[in-house]
Undergrad: 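Right, I'll just put the structure down here and ask away after.
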There are 2 protein chains.
Amino acid sequence: MGICMKAKIIITPKKAVLDPQGKTVQSALEHMGYTGIGAVHVGKYLEIELPGTDKEAWRKQVDEACHKILSNPVIEDYQFEIE
Amino acid sequence: MGICMKAKIIITPKKAVLDPQGKTVQSALEHMGYTGIGAVHVGKYLEIELPGTDKEAWRKQVDEACHKILSNPVIEDYQFEIE
């Protein structure tokens, strides 16, 4: 089966969780002159090539993979789309 | 000035660059039973809160920040939207 679809997944720390990497990027940007910026959140981005054309079946599988393997649901949120 | 806009930035390794993290995720997914998946690409996701309402001015600044600070243009591509 050829690769026809792609899952695009964004994993971010939950709002209540400390995000030291985001803080670091924020203060780096401010030091570089980008003043006035608000909070910065740093997360992960994944793209997975998927075979076939059954979007709904993959949606279920990708959701499960995000929950079980790709993210840590205790401290992270995820969102994805398949296109 | 209040925070009114958000820049959403995706940074991915260029296609020609080795992506060992992507390879690792791909083989982990295959071992967990998600057979048939194609290549996996792992990148970074950043969300930056921006003050004011001047989208075009920020678009220029975010583009510059992506190029100079947030990504490594030799091995990474970036894309962003401001909303």
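Keep in mind that this is a model prediction, so the values were computed, not measured. Note on naming: letters A, B, ... go to the chains in the order of the sequence lines (proteins, then strands), and numbering restarts at 1 for each one.
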Undergrad: I need the minimum non-hydrogen distance between B/P51 and A/G36, along with the two atoms involved.
TA: CG-O, 3.0 Å

Undergrad: Could you look at B/I9 and say if it's the side chain, the backbone, both or neither that has a heavy atom under 4.5 Å from chain A?
TA: neither

Undergrad: Working to the nearest 0.5 Å, report the span between CD1 of A/I37 and CE of B/M5.
TA: 12.5 Å

Undergrad: Return each pair, listed once, that meets salt bridge (Lys or Arg N to Asp or Glu O under 4.0 Å) where at least one residue sits in residues 33-45 of chain B; pairs must be two or more places apart or across chains.
TA: B/K44-B/E76

Undergrad: Does any backbone or side-chain atom of B/V25 lie under 4.5 Å from a heavy atom of chain A? Answer side chain, backbone, both or neither.
TA: side chain

Undergrad: Would you compute the distance between atom CD1 of A/I11 and atom OH of B/Y45 and round it to the nearest 0.5 angstrom?
TA: 12.0 Å

Undergrad: Under 4.5 Å from any heavy atom of chain A, what part of B/E64 do you find: side chain, backbone, both or neither?
TA: both

Undergrad: Under 4.5 Å heavy-atom distance to chain B, tell me which part of A/I69 shows up: side chain, backbone, both or neither.
TA: side chain

Undergrad: Is atom NZ of B/K14 surrounded by more than 12 heavy atoms (other residues, nucleotides or ligands) closer than 6.0 Å?
TA: yes

Undergrad: Nearest 0.5 angstrom please: A/I10 CD1 to B/I10 CD1, how far?
TA: 4.5 Å

Undergrad: If you tally heavy-atom pairs under 4.5 Å against chain B, which of A/A28, A/G43, A/A65 wins?
TA: A/G43

Undergrad: Against chain A, work out which of B/Q21, B/E47, B/Q26 has the most heavy-atom pairs shorter than 4.5 Å and name it.
TA: B/E47

Undergrad: Looking at CG of B/L70 and CE of A/M32, how far apart are the two atoms once the value is rounded to the nearest 0.5 Å?
TA: 9.5 Å

Undergrad: Less than 4.5 Å apart, any side-chain heavy atom of B/H41 and any of A/L46?
TA: no

Undergrad: Between atom CD of B/Q61 and atom CG of A/L29, what is the distance when rounded to the nearest 0.5 Å?
TA: 10.0 Å

